[in-house]
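The block underneath contains the structure these notes are about, expressed in structure tokens.
These figures come from a predicted structure and were not determined experimentally.
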Amino acid sequence: MRILNSYTETGKWWRGSFHNHTTNSDGWFPLETVYKMYGGYDFLGISDHDKITKHEGKREIPTVFDAIEVSSRQTHMLLVSPPLALLDGYSNEFTIANYQRLTDMTIDNGGFAVLVHPNRFFSNYWTLDGMMKMERYIGVEVYNGDGNPEYDIAFDKWDALLSAGRRVWGFGNDDSHVYGQEKRAWNMVQAEANTNEAITEAIKNGNFYVSTGYGFDAIRTEGDTIVVDLRSNALLDKMYKYVTFFGKDGEVLQETTGRISQASYVCRGDEGYVRIAAYLEGGYAAFSQPLFVEDGD
Ligand SMILES: [Zn+2]
Ligand SMILES: [Zn+2]
């Protein structure tokens, strides 16, 4: 058995989000205010609808990303670090060919593409069929902080893609437009440095997890066992935790609960993948990337 674990135990954890709006599209706040709303973040992407908002003016966030949310009436797609040339002859028309072309241009520019809020059935959503037809995107927004629990959570579609053999990462972003949507969901990225290059590299490698307030110190393997070191300190260690290990088709492989700081799961070999959701009492959560389990030697 081989377990492919995207988490290294090197570098530091950096906090940030890639999908947020300003008054340059339908956000309520100008860029300057959005920077302030995200004070304390290590990195931030601004992704206005069909526009690349230029980062300018005073800010305390050390690392910022150019981004765009391709926003057809059917589906939305986040492109991080797109080339400016993307805007030449730009169209948000939803065809797989057009979305794929925009994705490919962004990857060629060193960036990445994420299919966002795939379950937002009242407006812009992805069908599984559409997600299967798209290629080369790095991940799916599994937690969108817009504020509709029924529509902004998409672990089902992620499990469906993973179970079909697609190796895509899960993202958490606020998609902040209005007051109160900031700092609901973010990504914790493990990288040697907080630079665009190092953060992007870590994202591409899957060396990050989604957080709504709780976290992992490390996710590692010991032989056939996946060991999850939950974020731990004297206060957190007294609190109750709910840790679930999910496998192919969203099967619950194991649940471990208690006033714990560690949980582990012994792989059988046929799981396909194992991903971990950890909740702290009170509701704060952390969601890992999948570890791929390959049967045989
Ligand atoms: Zn959107
Ligand atoms: Zn958005």
Answer whether the closest heavy-atom distance between the side chains of [X] and [Y] falls below 4.5 Å.
X	Y	result
T75	Y125	no
R268	L253	yes
S163	D249	yes
V70	F94	no
E69	H117	yes
L161	Y137	yes
S81	F65	yes
V168	L115	no

Q: List the steps, then state whether side-chain contact (heavy atoms from CB on, under 4.5 Å) holds for E197 with T200.
A: CA-CA 5 Å; E197 295 72 22; T200 300; 5.9 Å; no
Do the side chains of [X] and [Y] get close enough for a salt bridge, i.e. N-O under 4.0 angstrom?
X	Y	result
E294	R167	yes
D146	R120	yes
R184	D152	no

Under 3.5 Å, is there a donor-acceptor pair linking the side chains of [X] and [Y]?
X	Y	value
S17	D174	no
N124	S72	no
D229	S232	no
S264	Q262	no
S261	D237	no

Does any N or O in the side chain of [X] come within less than 3.5 Å of the main-chain N or O of [Y], such that one atom is a donor and the other an acceptor?
X	Y	result
N173	D175	no
S25	D48	no
N194	D42	yes
E135	Q100	no
K183	G39	yes
W14	F43	no
Q181	Y179	no
K133	I96	no
Q289	W169	no
N196	V64	yes

Q. Knowing that exactly one of Y214, Y279, Y209 qualifies, which makes a ring-ring contact (aromatic ring centres under 6.0 Å, His included) with F287?
A.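 Option passing the ring-ring contact (aromatic ring centres under 6.0 Å, His included) with F287: Y279.
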Q: May I ask you to check whether over 12 heavy atoms, not counting those of E60, lie within 6.0 Å of atom CD?
A: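 Atom CD in E60 is not crowded, with 12 or fewer foreign heavy atoms closer than 6.0 Å.
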Could you report the tightest heavy-atom contact between [X] and [Y], atom names first, then the distance?
X	Y	result
E141	V116	OE1-CB, 3.3 Å
E182	Y38	CA-OH, 3.4 Å
P82	A67	CD-CA, 4.0 Å
M131	R166	O-NH1, 4.0 Å
W126	K157	O-CE, 3.1 Å
N207	T8	ND2-OG1, 3.0 Å

Linking I/L/V/M/F/W/Y whenever their side-chain heavy atoms sit closer than 4.5 Å, directly or via other members, would [X] and [Y] fall into one cluster?
X	Y	result
V228	L4	no
F29	V178	yes
Y242	V142	yes

Q. What class does the angle between the rings of F171 and F112 fall in, given that below 30° is parallel, 30 to 60° is tilted and above 60° is perpendicular?
A.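 Aromatic pair F171/F112 classed parallel.
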Between atom [atom1] of [X] and atom [atom2] of [Y], what is the distance when rounded to the nearest 0.5 Å?
X	Y	atom1	atom2	result
D224	R2	CG	CZ	13.0 Å
M105	L87	CE	CG	8.5 Å
L291	Y273	CG	OH	12.0 Å
Y41	N20	OH	CG	7.5 Å
N5	T221	CG	OG1	5.5 Å

(Q) Between Y7 and S288, is the side chain to side chain donor-acceptor pair (under 3.5 Å) condition met? List the steps. (A) CA-CA 10 Å; Y7 295 102; S288 83; 4.8 Å; no
Q. Taking it one step at a time, do Y265 and E271 satisfy side chain to side chain donor-acceptor pair (under 3.5 Å)?
A. CA-CA 12 Å; Y265 171 77; E271 288 91 343; 2.6 Å; yes
Q | From CA spacing to verdict: side chain to side chain donor-acceptor pair (under 3.5 Å), Y151, N144 | A | CA-CA 9 Å; Y151 297 123; N144 179 294; over 6 Å; no
Q) Are W186 and F208 near enough that their ring centres are under 6.0 Å apart? A)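 No, the ring centres sit 6.0 Å or more apart.
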Q | Working for side-chain contact (heavy atoms from CB on, under 4.5 Å), residues V34 and L44 | A | CA-CA 10 Å; V34 175; L44 189 74; 4.3 Å; yes
Q | Test salt bridge (charged side-chain N to carboxylate O under 4.0 Å, His left out) applied to K54 - qualifying residues, sequence neighbours left out | A |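 Expected list: E56.
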